[in-house]
Amino acid sequence: PARRDWADFGVAASSASCEEVVTEEQAGTADHRPDGEQIEYASVPPTSGPHYPVPASFNRKFYTPSDTPEVERLVHNLEHGYTILWYDPTVLDEQESTLSELATKVTSDEDLTEAVNGKFIVAPWDAERGVLPDGTAYALTHWGAEQGFRQHCGDLSGEVVRDFVTAHPSSDAPEPFGA
């Protein structure tokens with residue numbers, strides 16, 4: 001996957017039916033809540049907010065609905081500079097290998113090493129926590145030092161993912177030196 005061209009992951013950026021990147025206020029830095037407490041977030045999916053004290057594994061880059069951590073745990077990863085590509089679980093049958101390989105591509109591409117620093121996760125979005133906008137099946141989120149960033153897309157595009165993580169590097173985060 002690391003050697004594949006970005007255009008080989010889904011569709012071209014121009015065909016991905018992506019909305020503009022939304023910028024919103026960030027909140028919740030170091031606001032740790034007890035494990036098990038379900039937190040209501042201001043956006044779907046969240047770009048920042050209160051979260052559990054322990055983030056998701058730093059070694060996992062791809063999750064399925066059967067093994068995904070709680071949203072509150074993944075939000076903690078966002079605080080440490082991660083970008084998360086959330087996907088609607090209904091696309092998994094068609095896209096599982098592409099999503100998994102894209103996670104490998106993003107975290108191993110030498111041109112993105114400085115921007116990503118290994119801090120990228122692909123995870124399913126739980127519709128019980130809020131519904132993705134009509135016509136979208138993917139969302140990218142990043143918690144910046146001063147703002148949160150989110151982009152919804154109808155189709156998967158490696159080019160869109162590359163552009164998003166480049167524009168929102170892992171160093172732009174409230175706690176960028178957290179693992």
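The structure displayed is predicted, hence computed values, not measured ones.
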Go through the steps to decide whether Trp86 and Leu74 satisfy the test side chain to side chain contact (heavy atoms under 4.5 Å, CB included), and finish with yes or no. CA-CA 11 Å; Trp86 306 89; Leu74 290 167; 3.7 Å; yes

Is there a side chain to side chain contact (heavy atoms under 4.5 Å, CB included) between Asp109 and Trp6? Walk through the geometry before answering. CA-CA 10 Å; Asp109 186 288; Trp6 288 101; 3.6 Å; yes

Run the side-chain donor-acceptor check on residues 150-165: report pairs under 3.5 Å with partners two or more places apart or on a different chain.
from	atom 1	to	atom 2	distance (Å)
Arg150	NH1	Glu24	OE1	2.9
Arg150	NH1	Glu24	OE2	3.0
Arg150	NH1	Ser43	OG	3.0
Arg150	NH2	Glu24	OE1	3.4
Gln151	NE2	Glu19	O	3.0
His152	NE2	Val44	O	2.9
Ser157	OG	Val11	O	2.9
Ser157	OG	Ala13	N	3.4
Ser157	OG	Glu159	N	3.3
Ser157	OG	Val160	N	3.2
Glu159	OE1	Ala13	N	2.7

Extract all donor-acceptor atom pairs below 3.5 Å that involve side chains of residues 167-179 and protein atoms in other chains or at least two apart in sequence.
from	atom 1	to	atom 2	distance (Å)
Ser170	OG	Ala115	O	3.2
Ser170	OG	Val116	O	3.4
Asp172	OD1	Ala145	N	2.9

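Ion pairing between Asp8 and Lys105 fails under the 4.0 Å rule for side-chain N and carboxylate O. Salt-bridge check for Glu101 with Lys61: failed, with every basic side-chain N at 4.0 Å or more from each acidic carboxylate O.
Taking hydrophobic clusters as Ile, Leu, Val, Met, Phe, Trp and Tyr residues chained together by side-chain heavy-atom distances below 4.5 Å, Phe62 does not share a cluster with Trp125.
For His51, the ring-ring contact (aromatic ring centres under 6.0 Å, His included) test picks out His32, His76, Trp143, with sequence neighbours left out.
Both cation-pi conditions hold for Arg4 and Phe9: the charged atom is under 6.0 angstrom from the six-membered ring centre and inside a 45 degree cone around its axis.
To the nearest 0.5 Å, atom CG of residue Leu99 and atom CG of residue Leu85 are 6.5 Å apart. The OG1 atom of Thr47 sits 8.0 Å away from the CG atom of Leu78 when rounded to the nearest 0.5 Å.
No more than 12 heavy atoms of other residues, nucleotides or ligands lie within 6.0 Å of CG in Asp93, so this atom counts as exposed by the packing criterion. Environment of CD in Glu37: crowded, with over 12 heavy atoms of neighbouring residues, nucleotides or ligands closer than 6.0 Å.
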